[in-house]
Amino acid sequence: MGEFDLIARYFTRPARLAVAGVGDDCALWQPQPGMQLAVSTDMLVEGRHFLSTVAPQRLGHKSLAVNLSDLSACGARPLAFTLALSLPRLDEAWLQGFSHGLFSLADAHGCELIGGDTTQGPLNICITVFGEVPPGDALLRSGAQTGDDIYISGSVGDARLALEVFRGNVKLEAGLFEAARLRMEQPVPRVALGQALRGIANACIDISDGLIGDLGHVLKASGVGAVVTTGWVADSAAISPALQCLPMSRRLDMALAGGDDYELLFTAAPDQAQAVQEAANDCDVPVTCIGRISTGQGLQVLDIHGVPVSRRFVSFDHFSP
Ligand code: ADP
Ligand code: MG
């Protein structure tokens, strides 16, 4: 089997909404009149973004999930994606698992694979997603207003917890580890919630590098500060049973700076609190209020007694010294 058979066999399906999909020099897409295009790219590099032990099916899922998470953070509806793949060798079992995981998630969101590139090299997966959003409706990092409540979807810290178990730094009972590992290897992008928050949230970002660091991007883009409380780390839907096994200080580290969560962090005016809960219920995702946007610059984290936490929560940065 060569490159073109590989593409035909594992990555070519009949075009659905695309005018032209895989097989020509360009894919063609007819945009809906009047809609804005939302575009995002994320690359996954072996050893950097995933462990070589991950099942190919989960890796296929995650490669698309992290991209759909970016669309969700903007409130965009997924349409299509391209896949640039660098593979060390032609391994059919791997390709079967990978494409199955990839297309299962793609089909669940009606997101069509319309093209890509395939080369030999170190394992590296780069996806670009295209989505649409009505003009003016996109959720941006820059919209947070003083007085807004700050919310997160789902739960945070589990992916980091699983990573620390893999690294041998934490021990966890088998069932709890499997649950945390699933969150790391097969995150669920909050596609429906992102769209449901249009017109309700003032600002939104997806948590990929760590809650505090990603909130920092919102604060900087919006020119505001924030106070984050931590009572929810002691007890709330945002902390999984696995994470509850850890003492509070380690929990704080993983929840606030763990990364790889792919949950939405968003802000909304207090008078939108009920609308937020309704959107969350409609999408079957819990949301937890974790703090409030304040005037001025800076971010303060308060412990469960309301005392400022002095230590810093450092998020992931590929080039941090
Ligand atoms: P070109 O040489 O014109 O760049 P390629 O030979 O790289 O074209 O690819 C042939 C066709 O297969 C193109 O339509 C391209 O978009 C598609 N393609 C290549 N790799 C992938 C992939 N991994 N997934 C989906 N489509 C792919
Ligand atoms: Mg090419």
Side-chain angles (χ1 to χ4, degrees), residues 1-32 35-72 74 76-132 184-189 191 206 208 260 262 318:
M1 181 186 288
E3 175 189 332
F4 299 104
D5 300 321
L6 181 166
I7 297 166
R9 181 141 188 195
Y10 293 103
F11 300 111
T12 307
R13 298 159 110 207
R16 282 180 298 176
L17 293 178
V19 179
V22 171
D24 219 307
D25 289 310
C26 288
L28 294 178
W29 190 270
Q30 180 72 51
Q32 284 280 339
M35 292 295 258
Q36 278 178 350
L37 201 57
V39 183
S40 183
T41 299
D42 256 318
M43 182 153 60
L44 275 78
V45 177
E46 183 171 27
R48 264 272 141 184
H49 300 94
F50 59 91
L51 305 172
S52 47
T53 49
V54 65
Q57 191 164 332
R58 290 188 178 181
L59 187 58
H61 171 107
K62 184 169 180 175
S63 302
L64 182 59
V66 303
N67 280 279
L68 292 179
S69 180
D70 283 316
L71 285 186
S72 311
C74 286
R77 185 169 79 89
L79 298 171
F81 67 106
T82 60
L83 168 67
L85 204 52
S86 166
L87 300 171
R89 70 197 79 82
L90 203 160
D91 175 344
E92 290 218 54
W94 189 93
L95 281 160
Q96 218 141 35
F98 179 86
S99 58
H100 187 262
L102 181 82
F103 282 123
S104 298
L105 183 64
D107 291 346
H109 296 288
C111 192
E112 195 170 338
L113 177 58
I114 55 171
D117 197 26
T118 306
T119 94
Q120 190 175 28
L123 183 55
N124 189 330
I125 303 144
C126 183
I127 286 181
T128 299
V129 279
F130 305 86
E132 66 177 13
M184 175 175 97
E185 295 183 341
Q186 205 168 292
V188 179
V191 176
D206 74 319
S208 51
D260 238 11
Y262 305 103
H318 284 281

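Numbering starts at 1 and runs along the sequence shown. Just so you know, ligand 1 is whichever comes first in the structure, and atom 1 is the first atom listed for that ligand.
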My understanding is that we take every heavy atom of each candidate and find the minimum distance to atom 20 (N) of ligand 1. Doing that for D25, T118, V22, I125, which one comes out nearest? T118
Suppose we screen for side chain to side chain donor-acceptor pair (under 3.5 Å). Which residues come up paired with T128, at least two apart in sequence or across chains? T41
Do R48 and N124 come within less than 4.5 Å of each other through their side chains, counting heavy atoms only? no
Looking only at distances, can you tell me whether any N or O atom of L85, backbone or side chain, sits closer than 3.5 Å to an N or O atom of ligand 1? no
Between L113 and ligand 1, which residue portion shows a heavy-atom distance shorter than 4.0 Å: side chain, backbone, both, or neither? side chain
Identity of the nearest option to atom 13 (C) of ligand 1, non-hydrogen atoms only, from D24, I114, L6, T119: D24
Measuring from non-hydrogen atoms of F4 to any atom of ligand 1, is the shortest distance under 4.0 Å? yes
Using modelled atom types and a 3.5 Å cut-off, is there a donor and acceptor pairing between side-chain atoms of T12 and backbone atoms of I7? yes
CE/M43: more than 12 non-hydrogen atoms of other groups inside 6.0 Å: no
Do G23 and ligand 1 have an N or O pair less than 3.5 Å apart? yes
Taking only residues two or more places apart in sequence or in another chain, which ones pass salt bridge (charged side-chain N to carboxylate O under 4.0 Å, His left out) with E112? none
If the plane angle is over 60° it's perpendicular, under 30° parallel, otherwise tilted; pick one for F11 and F98. perpendicular
Atoms of ligand 1 close to G115 [distance to a heavy atom under 4.0 angstrom, numbered from 1]: 16 (O), 24 (N), 25 (C), 26 (N), 27 (C)
Logged contact type for L83 with ligand 1, heavy-atom cut-off 4.0 Å, is both
